[in-house]
Each structure stands twice: as structure tokens, then as C-alpha cells.
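Notes follow the structure.
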Amino acid sequence: MATFILAANLQSSFLPVFTKELLVNHTFLDTLFPESILIGLPITLYMIMVTSTLMFLGSSYCSVKPYKALLIGLVCAAAGFIACGFAINIIHLIAGRMLCAVGFSMIVFYCRKYIVENSKPQNRARHLAGYTAAFSGGMLCSIVVGGIIKEYFSYQVVFFLSAVMLLIVLKFAHMVFKDYGNEIDLMGEKQGKGDLNEKPVEKKVEKNIALFARLLFRDGELVSIFIQGIVTRIIFIGFFYYTMPIFLRNYFSFSDVGRIMMFYAISSILLSTWLNKFVKGTKDSVWGIFISNMVLGASMCIFMLLDLSNILNIIIVSIAVLFVLGISNSITFPSQVNLLLETKTAKEMGIDTPMAVFQSIERVGSALGPIVFGALSVWLDTRQTIGCVGSLCLVSAIAFLLAYRKRVMS
């Protein structure tokens, strides 16, 4: 997983800037959207495709075996990066990003599902935090390495290198599944070598999106988790992948932008597993989400108030907010999944469809992130935009706590 994220995030420090440069080659999209929205459009459409793919993976229409889905995902992602490398306008870039989205969805869905199915409720948050740390570990070096490669070579070299890395991962994954696939299932269930006519016991799980939608309206806790998930992703994707690269590029080189942004991953790697040792139940998860998002919202509001007239202040404030963002997400992401699995809907339907829908809902927030930040930047400067979104973070954290007030007060 970490290697996949390493390859997938090499372009994180420059993707919005690269998109902006492609806008010199005009397309029909120029007449539909302002530039601030167009810059974030490849990220937004990428997340919409992730949402659609995750919904399919969690529905009854999906019959692809997990290990095959992982291999297909690696192929799609590699093909997508190659297409991005050959892009000459924003339409081509979007097409390549859509392929990457399909691959990303397949890999993330089954890796996360494996952890959920093979962990106990009392330590699930800690294991999911390890998954988040692995995710951040892949990001840690990739942001800097991608920026350095861009400084010495070109955007295209970065995309092609990502594709090569994924093809190498594909080769090793194929070797592992080919040698051991008949004995060990990817989801952790050993295939017995006894009576070949003996059929394994199958757990009946409803995989029906329509049924899930009906159950959702009677499950207030699940609705609150979904809303919190959307807001969390708006802040993460809009701030980290859209606003910070553009903002920091005004003052620093791509490699320096990567060095500053890597502090998000540093806090996640160092603190995520340790912090989530204390998250063992519903109350801990609720308070973890509330406190971490209150601190994040406050730090983003402070960003708006501080003097950023010199480079040193910009570096310190940017690193501080990114560090807090990493800590907040390290607590929030595992806790959201932990609470999701404790809802009435998940207990009634099993984890497949609720997990798929929740990950899709997260990506709705991810798709909205660049749009929200881009739309606000039309009327506000960067600091005011960050402050407004920080206020949204504070409000959503309070609303989330109110939705769970009976649980935390009991």
C-alpha cells in the first residue's frame, strides 16, 4: 500500500500548477468554468470517478475477486499516469486522472476491507491508524521526490516514473498471488486442503445500495458520520492538494513546496498509531473526532489572522497547520470507520455496502474540496479562504458531537 501511495503522490506538489499551465491550450471547458475552478477540475473529477467505482465495488453487481481487483487496479493506475504524461490539454489530463481513479478505488477499498475484517473492535482504530500511517508513509517521500524530479527534468518524467513503479508493484503482486493464491485468500481465509466437495460456510450479507439508502434515513448516527466525512475530506483535499501547492509555489520551488508539505505525513507517521491506542470504544472515537477537528479548525482560523509578510512566517504557519492536519486526520479517519461499523445499518447489512458507500461519500467531499476552495478564492484571498473553511470545520465538529450527545453523556 505504501509503495502504491508513493507512486501515486509524486505529482502532489505540482498537479494544480501543471493544470494551470495546460490551460494555455484552450478547450470548450474554458467557456464553462472560471480558471480557479478549472485548476481543481482534474482533482474533482478524479474523486467523482473514485466515488462511482467504490459504489460499484460495494454493490451486488460487483463479482470481481479481491486479488484480481488489485491487479486490475494497478494496471488502470499505471495506464492513467502514462496518459497524464502525454496530456497536452486539460481534457487529456482529466482522462488520465479518471483511469488513475479506478485503480486507486480498487486498491484502497480492498486493503481497507482486509484490515476491518481481520481486526477486533477494541483494537480496530489502532490497526486503521496503521493503515493511515502507511498511507502517509508513501506520501512522505513522494511529495519531495516528485518536486525534485520536476526541478531537474519535467512533469512528464514524474508521471512516467509513477507508471513504472506501479508496473513493478504489479509484477511482484502477480508473483505472490500466482504462488500462494490457491492456498491463502486475500481476505485472510485459508483454503482448506480437506474434502474438495465440502463447501465453505458463506455469511449472508446484503449488498444492496437501495436497501442501504432506506436504512440510512432511520440511522441518525450514520448520517452524522457521513456529513462529518464530507467536511473532513473537503478540508483535506481542498487545503492539501489544491490550495497549499498554489499558495506555496508563489514563494518556493517545487522541491521546497514538497519539503513543507511532507510535515503532514510526518505527524501522521509518528503519532497516528500511538494516539489511536487510546481509542477503544464509541465514546473515545466521538471525542477524538470532536477534539481533533476543533483544534484543526482553530489553527486554520489563526492562519487567517497571522502576519504573512515575510517568508519565515509563511514557512512556520504552513508547517504548523499541515502538522495539525496530519494529527487530526490520523484520529478522524480511523474513528469514522470505527463508528460506522457500530451503527445499526452496518450491523444489519454487514460491512461491504456501508464501507463502500462511506468511502464513496468521503470522495464526494474530496470532489467538493477543490470546488469549495476554488469558488471562495474568486471572492477572497488565500488566507481568508482558509479561515472560512476553518470555521466550517469548527461548526461541523460541534454538530457531530451534538448528534452523539446521548452516547457520550451516558
Side-chain angles (χ1 to χ4, degrees), residues 9-24 34-43 93 136 139-155 157-159 234-268 296-329 369-390 393:
N9 280 275
L10 286 177
Q11 75 282 0
S12 296
S13 63
F14 65 73
L15 183 61
V17 180
F18 177 56
T19 306
K20 187 175 182 179
E21 293 185 10
L22 289 180
L23 295 180
V24 298
E35 183 180 282
S36 60
I37 298 295
L38 282 174
I39 293 172
L41 203 58
I43 301 174
L93 179 63
S136 299
M139 293 174 59
L140 177 65
C141 297
S142 64
I143 303 172
V144 180
V145 171
I148 293 174
I149 295 173
K150 164 59 186 74
E151 295 289 341
Y152 283 94
F153 298 100
S154 65
Y155 297 115
V157 171
V158 178
F159 285 117
I234 286 175
I235 295 169
F236 173 46
I237 299 299
F239 181 74
F240 185 81
Y241 285 100
Y242 177 82
T243 300
M244 290 309 290
I246 296 174
F247 173 69
L248 295 175
R249 182 60 181 136
N250 294 325
Y251 308 97
F252 307 104
S253 65
F254 284 117
S255 56
D256 289 332
V257 170
R259 291 185 181 97
I260 293 172
M261 292 177 65
M262 70 186 288
F263 278 88
Y264 167 85
I266 288 175
S267 62
S268 178
L296 175 60
S299 68
M300 295 179 76
C301 290
I302 293 173
F303 188 101
M304 178 181 65
L305 301 175
L306 294 177
D307 177 23
L308 300 181
S309 58
N310 64 71
I311 298 298
L312 181 60
N313 284 351
I314 292 172
I315 294 173
I316 293 174
V317 173
S318 298
I319 288 176
V321 177
L322 286 167
F323 197 85
V324 172
L325 179 66
I327 294 175
S328 177
N329 287 351
I371 294 176
V372 170
F373 276 83
L376 289 174
S377 65
V378 174
W379 300 288
L380 308 172
D381 62 26
T382 301
R383 290 193 302 157
Q384 291 172 331
T385 298
I386 293 172
C388 286
V389 178
C393 184

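Residue numbers run from 1 in the order of the sequence given.
Listed by chain and residue number, Phe373, Thr382, Ile386 satisfy the side-chain contact (heavy atoms from CB on, under 4.5 Å) test with Thr243 (two or more places apart in sequence, or in another chain). Not counting sequence neighbours, Phe323 has no partner by the ring-ring contact (aromatic ring centres under 6.0 Å, His included) test. For Tyr251, the ring-ring contact (aromatic ring centres under 6.0 Å, His included) test picks out Phe247, with sequence neighbours left out. Every residue meeting the side-chain contact (heavy atoms from CB on, under 4.5 Å) condition with Ile319, not counting sequence neighbours, appears here in chain and number order: Ile260, Phe263, Ile315. Applying the ring-ring contact (aromatic ring centres under 6.0 Å, His included) test to Phe18 and every residue at least two apart in sequence or in another chain returns Tyr155, Phe159. Not counting sequence neighbours, the partners of Arg259 by the salt bridge (Lys or Arg N to Asp or Glu O under 4.0 Å) test are Asp256.
Of the possible polar contacts, one joining the Ser377 side chain to the Gly374 backbone as a donor-acceptor pair under 3.5 Å is found.
Taking every heavy atom of both residues into account, Ser267 and Ile327 meet most closely at OG-N, 3.5 Å. For the residue pair Leu380 and Cys388, the shortest heavy atom distance occurs at CD1-SG, 3.6 Å. Closest approach of Val321 to Ser299, counting heavy atoms only: CG2-O, 3.9 Å. Across all their heavy atoms, Ile37 and Ala375 have their closest contact at CD1-N, 3.8 Å. The two residues Val257 and Pro245 have their closest heavy-atom pair at CG1-CA, 4.3 Å.
Rounding to the nearest 0.5 Å gives a distance of 13.0 Å between CE of Met261 and CZ of Phe252. Distance check: Tyr242 OH to Ser36 OG gives 5.0 Å after rounding to the nearest 0.5 Å. In this structure, OG on Ser318 lies 5.0 Å from CG on Leu248, to the nearest 0.5 angstrom. Atom CD1 of Ile39 is separated from atom CG of Leu23 by 6.0 Å, given to the nearest 0.5 angstrom. Rounding to the nearest 0.5 Å gives a distance of 7.0 Å between CE of Met300 and SG of Cys393. A distance of 10.5 Å separates OG1 of Thr385 from CZ of Phe303, quoted to the nearest 0.5 Å.
The aromatic rings of Phe236 and Tyr264 lie parallel to each other, with less than 30° between the two planes, well short of the 60° mark.
Between Phe153 and Val158 the shortest side-chain heavy-atom distance does not fall below 4.5 Å.
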